[in-house]
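Here's the structure, in structure tokens; my notes come after.
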Amino acid sequence: MLHHAPLITTIAVGLVAAFILGFLAQKARLSPIVGYLAAGLLIGPYTPGYVGDVDLATQLSEIGVILLMFGVGLHFSFKELLAVRRVAVPGAIAQMTVATALGTGLGFLLGWGTAGSLLFGLALSVASTVVMLRALEERQMLDTRAGHIAVGWLIVEDLAMVIALVVVPVLAGGDGVTGGELAGELGLTVLRVGGFVALMWFVGRRVIPWTLARVADTGSRELFTLGVLAIGLGVAVGAAWLFEVSFALGAFFAGMILRESELSHRAAEDSLPLRDAFAVLFFVAVGMLVDPSIIWRQPVALLATVAIIVGGKLAIAYALVRALKYSRSMALVVGASLAQIGEFSFILVTLGADLEVLHQDAQDLVLAGAIVSIILNPLLFAWVARFYARREGLPADDADGPVESHAHGHVIVVGYGRVGGRVTKGLWGAEIPVVVIDDDETRVERIRQEGHEAILGNAARGKVLHAAGIESARAVLIGVPDPLNAGAIVAKARALAPEADIVARGHGKRDVAYLEAQGASRVLVGVHEIADLMVERAGGPPNEPERT
């Protein structure tokens, strides 16, 4: 009976095994990801007993990648993407180049030849979307400056892989390949990507938010959720089919376009359960691919592969981010985000096998290196988070318990942008004590140099609010523009300070309803009006009108 329903069986057995082993891993104080990977290994073709359908599991895991990147796009704007281009673009290109060179060198030592060694090195150079986003989300760093840089870096890597997947088959064609043919393929790829971006910018920006608004007007929650999934999956598959752009990149742009809608926070919430479930299937699929015999067949080569993936990529990214004048803590966060490999690496080794240019040991080393790096990544992030916490004077553990704060009867201002900056200056002018929370280290450093209190971090984390003195604050004024992030901050602040006066900003009626449901005392709409009313709410005089 089971062989007649391979899809249902693979999903059911994969999720049940992942649940049991993930729970045991959690009880053993390990990341649940270790349990998910072990579940994949258990039902994979290299261990006795039931064998799941690897091809189906891999396709299901792609849905997880699509939904994750769609969710990230809902948190990201074109402005934020462009803001990190000066570090993400050169950083990603340099890091991929150096990591590819290291992997190629290892391939030469193992005697694989030029083509196989280059492809092996390239497979080690690109990070996993799923692993990076899970790590950033678990540490609530996705909405920080470091998180934005890491995601921007990932997008550049994704674009590089789109080009690589076009170039590799052409180069594998043999000596008859001319420079003109290669240039033609590259030009065509650039035109396809440019065409997709242009279509999303000029057409998608109008059609997608309008469509979702019409669906929301029907009042059907079921239809709205279906609409969100249809947009995310439909754009991702359409981008791959029409423009030969990766699923992940297509989904990311769909999310960024949908972010323009007032319904973006609701879309993110509705897609979250499916996103988590399919992300688990991704790790199960990875575990199914690994042949454990590589551990005793090539132990030294495996150690060298893991050293390049984890140690080499972390060191390269750290050095590059520091060279661009960012702090050690930010460089470590970005480096740890990239110190693993995943889905694009698997695509590359599969392509190499199909083209008969990649040695079987190289495929096994990439897959085994991926599973080891995925297991090590949460441990690496835990160490980075402790370093980050020590630097900012926050508790080193992940608990949201109380910490010592020297602030009393003050106002907490979250976000030092246009609104938050104006609010803070108005409160300083009224000599009202203020503690600013912001995720941009440049802003925080500037505030501290001016002699004021500021904390670097994401205010959705309890430890950050405790360090700002949430228990004794007279008000919490949230100036961040993203309603999703603002909603998480409001909910956490309300949980920690049930009687606090919490004021947030929104962009329309739906934002007001959403933020009030999360616990906001009041939600203001506008820019200067928001800032002035926040100051008055906290007990200060209104600002003078700005002169133009």
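Just so it is clear, the values below take in all heavy atoms, side chains as well, and ignore hydrogens, waters and symmetry mates.
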- Message: Within the structure provided, determine whether L67 and I63 are in side-chain contact (heavy-atom separation under 4.5 Å).
- Response: yes
- Task: Determine whether L367 and D291 make a side-chain contact, defined as any pair of heavy atoms from C-beta on separated by less than 4.5 Å.
- Result: no
- Side-chain (E356) to main-chain (A353) donor-acceptor, under 3.5 angstrom: no
- Looking at side-chain heavy atoms only, is the closest gap between Y46 and P292 below 4.5 Å? yes
- Message: Keeping S271 on the side-chain end and A268 on the backbone end, is there a donor-acceptor pair under 3.5 Å?
- Response: yes
- Query: Which distance, rounded to the nearest 0.5 Å, do you find between the CZ of F120 and the CG of L348?
  - Reply: 12.0 Å
- Task: Determine whether L258 and L74 make a side-chain contact, defined as any pair of heavy atoms from C-beta on separated by less than 4.5 Å.
- Result: yes
- Spacing of CG belonging to L154 relative to OG1 belonging to T129, to within rounding of 0.5 Å: 4.0 Å
- Task: Measure the shortest side-chain to side-chain distance between E62 and I347 over non-hydrogen atoms and say whether it is less than 4.5 angstrom.
- Result: yes
- Item | Any donor-acceptor pair under 3.5 Å from S61 side chain to F282 backbone | no
- Indicate yes or no for a side-chain donor-acceptor contact from N377 to the backbone of A336 under 3.5 Å, with no hydrogens or angles considered. yes
- Message: Could you check whether any side-chain N or O of T9 sits under 3.5 Å from a backbone N or O of P6, counting only pairs where one atom can act as donor and the other as acceptor?
- Response: no
- Task: Of all the heavy-atom pairs spanning V366 and I341, show the shortest one and how long it is.
- Result: O-CD1, 3.6 Å
- Any side-chain heavy-atom pair from I316 and L102 closer than 4.5 angstrom? yes
- If only atom types and distance count, is the side chain of T10 paired as donor or acceptor with the main-chain N or O of A57 below 3.5 Å? no
- Heavy atoms only: give me the nearest V245-G250 pair and the separation to one decimal. CG1-N, 4.2 Å
What donor-acceptor contacts under 3.5 angstrom involve side-chain atoms of residues 84-97, with partners at least two apart or in another chain?
from, atom 1, to, atom 2, distance (Å)
R85, NH1, L82, O, 2.6
Q95, OE1, W153, NE1, 3.2
T97, OG1, I93, O, 2.7

- Message: Can you tell me how far apart OG (S373) and CD1 (I308) are? Round to the nearest 0.5 Å.
- Response: 12.5 Å
- Query: What is the distance from atom CG of L226 to atom CG of D270, rounded to the nearest 0.5 Å?
  - Reply: 11.0 Å
- Task: For residues A370 and F346, report the shortest heavy-atom separation together with the two atoms involved.
- Result: CB-CE2, 3.6 Å
- How long is the gap from CG on L118 to CG on L358, to the nearest 0.5 Å? 11.0 Å
- Query: How are the rings of H359 and W112 set to each other: parallel, tilted or perpendicular (split at 30° and 60°)?
  - Reply: parallel
- Query: Is L110 close to L365 at the side-chain level, that is, under 4.5 Å between some pair of heavy atoms?
  - Reply: yes
- Item | Residues that Y514 engages under ring pair (Phe, Tyr, Trp, His ring centres under 6.0 Å), provided they are two or more places apart | H265
- Query: Are any of the side-chain heavy atoms of L229 and F70 separated by less than 4.5 Å?
  - Reply: no
- Rounding to 0.5 Å, atoms CZ (F344) and CE (M161) come to a distance of 7.5 Å
- A277 to L15 - nearest heavy-atom pair and separation: O-CD2, 4.2 Å
- What is the minimum heavy-atom distance between A18 and V280, and which atoms define it? CB-CG1, 3.6 Å
